[in-house]
Amino acid sequence: MPVHTVKNASDLDTRVLPSLQRILLPNLNLMSDAVHSSVKGKVVQKGPVVSCRQGDYLLKAVIQEEDLQQSSVSQQASINVFFFGTMAKDFSLSVSQGDIVLLAGFIISKSPTEQTDRLHPCHLEMSGPDACVYVCTSAVSPSRELSAVSSEPRYTYVPLNELKPRRIVNVYGVVIFFKQPFPTKGTDYCSTLKITDQSNAKVGCTIFSERLEDHPKIFTIGDIIRLHRVKAQVFNESMTLLTSLGWSAVTFDGAIGSPVEPRASSRTFHFGEADKRTVETLRQWAASQPLLTSEPTVPLSSVQPRMYFDLSCQLLAKACIDSRCMLLKVWDGTKCGYPLLDVAVATDTWEGQSTTSKDREDMTANILVYDNHVEVAKTLKPGTFLRLYNLHAVPQRDSEQPPDVPSRLSFHLHGGTSFGRGLRVLPSHSPDLQPLKRLLESHADRAVEKEVNDDTLLEVWYTPPESVGAAITEEFYTVQTCRHTLQQVSLAHVKRSTPPVVCHVRAQVRSYKPRKLYQCLKLFCPQCKSIEEVPDDGTIAQVFQEALRNSLPCSEHWAVTSSMDAPGAGRVITMHVASDMVLDNTHSQLLFLESLTLDEMCVISGMHKNIVPVQSENRRMKLLDFSAPFLFCGDKRYYGCKRCSRSTFVEPVVSGGEMWDEHDVAKALGVQLMQYTLLIQFELQDGTSTLDALLWEDAEQFFHVSSAETSANQDLQDKVQLIMDRLHPPGSITAKRPWLELCLSAYSVKDNGRNRVCYQITNTETRGNFFTAH
DNA sequence: GGTTAGGGTTTG
């Protein structure tokens, strides 16, 4: 290995590479003889191994000259060193921050970052066969042990007037300006926003992310945002914040008294009491700042010609005009004070309800959405609640119209993102949508009272946003996939039958539970047959926190141990790799990580195939409590059965070069792997009776998803939700629910010594042409 | 470790 360890620091001066000339770092320059020289210094910064574009690996470290008089310490005493390929991995595993290293076989280059990092004008590159490192591992210092056990506070937040250039920080702020994400010329979407806090400093933030759903969910000025791991930078003489590696954003409603519910895109983020207090304090402060109170959205009834305004509304229908323009038909339950322009569109180009009752006609607004906004508008489903930002009320003067007749108003969402122009979907539970929803509901009630012969309004209101279009244009049904040749029977007949028996029935879903789809996902132990809930992130984070409290780095003879700094936490994460695997590709290694938080685990697991969180007990490695996953594989998490697994293990039998899956890891660690499973209880009805039936063993077939994949994939969760909403549209009346052809298995189970009959939906799958659209 | 963009007196 090109990284060698020596026992004594003095060996670096005397025994190692005696033929080479030591150069003090301040004396090093581009003309120095790199071939016959060595440098020595303390590792003051050590970055992670990162993969670069060509499939190579890179690690950056900073080493500092130690052998200097105090007076001569200068910026030239610290130098950037880049390690490439296996050298990077070896360095990462063998060298810790604080160690003294001797480097040779380097290339000296001009440092492109001299101006920004104020370090040595040169940097060193360590690659190729001649590069080598000797390291004297420093003893674990008391301060390092202390930092490993201290866990609070988890994050520190920097006031916006105390930002220093180039520092990676966590901040809280109140949003005073924001734009919806727009595509850049690079690979990402960009959101720009401006925030402020009690210090009154105003700081622009630029968020880059390839995924639209990762961008901060800001609905209005006055929302509160928490940013983690953003980099401070000066631009145009002002401080700005820029996303950096592992950044995250969580936003909150800014109104005093509204629930402090974090809006996050990532499923894993830390949110505790301290965050709640910070949000509440910021809300109080913002309420006292007249400039910060958010401009309320303007109802249609208050719109004046030529004004720009934000509108909250429900989408009724949409139609494509051309590639650069879409028409959205919306309402907000109020009546505009001006006559509205009706845009003529062929009936068959509408999606959703284009024809409406006279009463509603007066309340619907046609909105022309241009250019870049078409992309978002295309994805909208009738029924969705929307907010349109910087909408323009344009009076359209008809040339033949007499001057005393008021012009008809049309609404335009112009192209571009200036002034925050854009549109976004609002979740229907948003606090500031509730007045709008109550208003729409009252119209729906009135329509019922009057028995208006037009149920389109009810249709839109009572059907969930996603399914309005579908309910009209798409078919939904189930088919039996078994080969039973059975006469269809009634539910009453099924209940009279003696189990075990299989029946075919035709029934509707009267209700189902759990209503929160994520609660349908369970963990099943094939060994002891127990079913457990999937722990939520709060529970898991707590297990990590517990382990953090008790842990001192463990040491195992079979593992190579190294450490890295937890960014901004003043704590060291310890990493163990089985010796046999050290040379494997970093991404496929089985890693054991100690002293880290769930957040950190989520960041790191994105880059590795298999990571096992561990803690130590008497310096021996031990798994965490089984309420937390014992294994992280990218987005996926695997759990061990509490009853059937051991939390201690001897040396895991690993051999290099293999690709490990969750079964291999579980076996090597003595863990009984829990399987993901979907479990839903339906109440079926068919006019003769009602009957509770489980959907469990054949649930994957029913939904066309894998339970394990669904656990880590929002799209699949949405798909399950979508299907449930078809089976049982929320708020729907019986007549509107589909009739399903089902295969039912009736069987007996022992329950407290008594036989009980259970029913399961088996051999049945859902069909509907929305699958192809999805 | 970091390319994109870095709000702005709008308009079909």
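This structure is a prediction, so every number in the text was calculated from the model and none was measured. Chain A is the first sequence line, chain B the second, and so forth, proteins listed ahead of strands; every chain is numbered from 1.
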**Request:** Could you check whether A:Phe208 and the base of B:dT3 form a stacked pair, meaning centres closer than 5.5 Å and planes differing by less than 30°?
**Result:** no
**Request:** Spell out, as yes or no, whether a donor-acceptor pair under 3.5 Å connects the side chain of A:Asp90 to the backbone of A:Met87.
**Result:** no
**Prompt:** Which nucleotide sits closest to the side chain of A:Lys194: B:dT4, B:dT10, B:dG8?
**Reply:** B:dG8
**Prompt:** Base, sugar-phosphate, or nothing: which does A:Leu242 touch, judged by heavy atoms less than 4.0 Å apart?
**Reply:** base
**Message:** Heavy atoms only, 4.0 Å cut-off, all strands: where does A:Gly415 land among base, sugar-phosphate and nothing?
**Reply:** base
**Request:** Round to a whole Å and report the spacing from CD of A:Gln180 to C1' of B:dG7.
**Result:** 13 Å
**Message:** Closest approach to the side chain of A:Tyr370, judged atom by atom: which nucleotide of B:dG12, B:dT11, B:dT10 is it?
**Reply:** B:dG12
**Request:** Classify the side chain of A:Arg306 and the base of B:dT11 as holding, or not holding, a donor-acceptor pair under 3.5 Å.
**Result:** no
**Request:** Examine the base of B:dG12 for any acceptor or donor lying under 3.5 Å from a partner atom in the side chain of A:His412, and report the outcome as yes or no.
**Result:** no
**Request:** Classify the nucleic acid contact of A:Thr206 as base, sugar-phosphate or nothing, counting any heavy atom under 4.0 Å across all strands shown.
**Result:** base
**Request:** Quickly work out the A:His215 NE2 to B:dA5 P distance and round it to whole Å.
**Result:** 13 Å
**Message:** Can you tell me which nucleotide in B:dG2, B:dT11, B:dT4 comes closest to the side chain of A:Lys185?
**Reply:** B:dT4
**Item:** Given DNA chain B, 5'-ward residue of the pair A:Phe177 and A:Asp188, judged by closest heavy atom
**Value:** A:Asp188
**Prompt:** What residues in residues 228-237 of chain A put a non-hydrogen atom under 4.0 Å from any atom of DNA chain B?
**Reply:** A:Gln233, A:Phe235
**Asked** What heavy-atom pair brings A:Ser288 and A:Trp285 nearest, and what distance separates the two atoms?
**Response** OG-O, 2.5 Å
**Fill in**
Here the distance between atom C1' of B:dG8 and atom CG of A:Leu193, to the nearest Å, is 16 Å
**Prompt:** Can you tell me how far P of B:dT4 sits from CG of A:Leu241, to the nearest Å?
**Reply:** 19 Å
**Request:** Please tell me which of the listed nucleotides, B:dG12, B:dT4, B:dT11, lies nearest to the side chain of A:Thr184?
**Result:** B:dT4
**Whether A:His373 side chain and A:His414 backbone form a donor-acceptor pair below 3.5 Å** = yes
**Complete:** Per atom distances to the A:Phe182 side chain, the nearest of B:dT10, B:dG7, B:dA5 is B:dA5
**Message:** When you measure from the centre of the six-membered ring of A:Phe219, is the NZ or CZ of A:Lys217 closer than 6.0 Å and no more than 45° off the axis?
**Reply:** no
**Prompt:** Within less than 4.0 Å of OP1 or OP2 of B:dG6, is there a side-chain N or O belonging to A:Lys179?
**Reply:** yes
**Asked** Is the side chain of A:Arg283 donor-acceptor paired with the backbone N or O of A:Asp253 at a distance under 3.5 Å, no angle test?
**Response** yes
**Message:** Just to be sure I understand the rule, does A:Ser244 reach a base, reach only the sugar-phosphate, or reach nothing, if contact means heavy atoms closer than 4.0 Å?
**Reply:** base
**Message:** If I take atom CG in residue A:Leu388 and atom P in nucleotide B:dT10, what distance separates them, rounded to the nearest angstrom?
**Reply:** 21 Å
**Request:** Check the distance between B:dG12's P and A:Ile321's CD1 and give it to me in whole angstrom.
**Result:** 16 Å
**Value in whole Å for how far the P atom of B:dG7 lies from CG of A:Asp310** = 19 Å
**Fill in**
Assign each of A:Thr240 and A:Phe82 the nucleotide of DNA chain B bearing its closest heavy atom; nearer the 5' end lies the nucleotide of A:Phe82
**Request:** Could you tell me whether the phosphate oxygens of B:dG8, OP1 or OP2, come under 4.0 Å of any side-chain nitrogen or oxygen in A:Ser418?
**Result:** yes
**Asked** Would you call A:Asp432 and A:Arg387 a salt bridge, taking side-chain N to carboxylate O under 4.0 Å as the test?
**Response** yes
**Request:** Could you tell me whether the side chain of A:Thr417 and the main chain of A:Gly420 form a donor-acceptor pair under 3.5 Å?
**Result:** no
**Prompt:** Can A:Arg421 be said to sit on top of A:Tyr308's aromatic six-ring, NZ or CZ under 6.0 Å from centre and within 45° of the ring axis?
**Reply:** no
**Prompt:** Within this structure, what is the CG-to-C1' distance between A:Leu245 and B:dT3, rounded to whole angstrom?
**Reply:** 15 Å
**Message:** What's the closest nucleotide to the side chain of A:Phe419 if the choices are B:dT4, B:dG2, B:dG8?
**Reply:** B:dG8
**Prompt:** Distance-only, no hydrogens or angles: does the A:Arg571 side chain make a donor-acceptor pair with backbone N or O of A:Ser595 under 3.5 Å?
**Reply:** yes
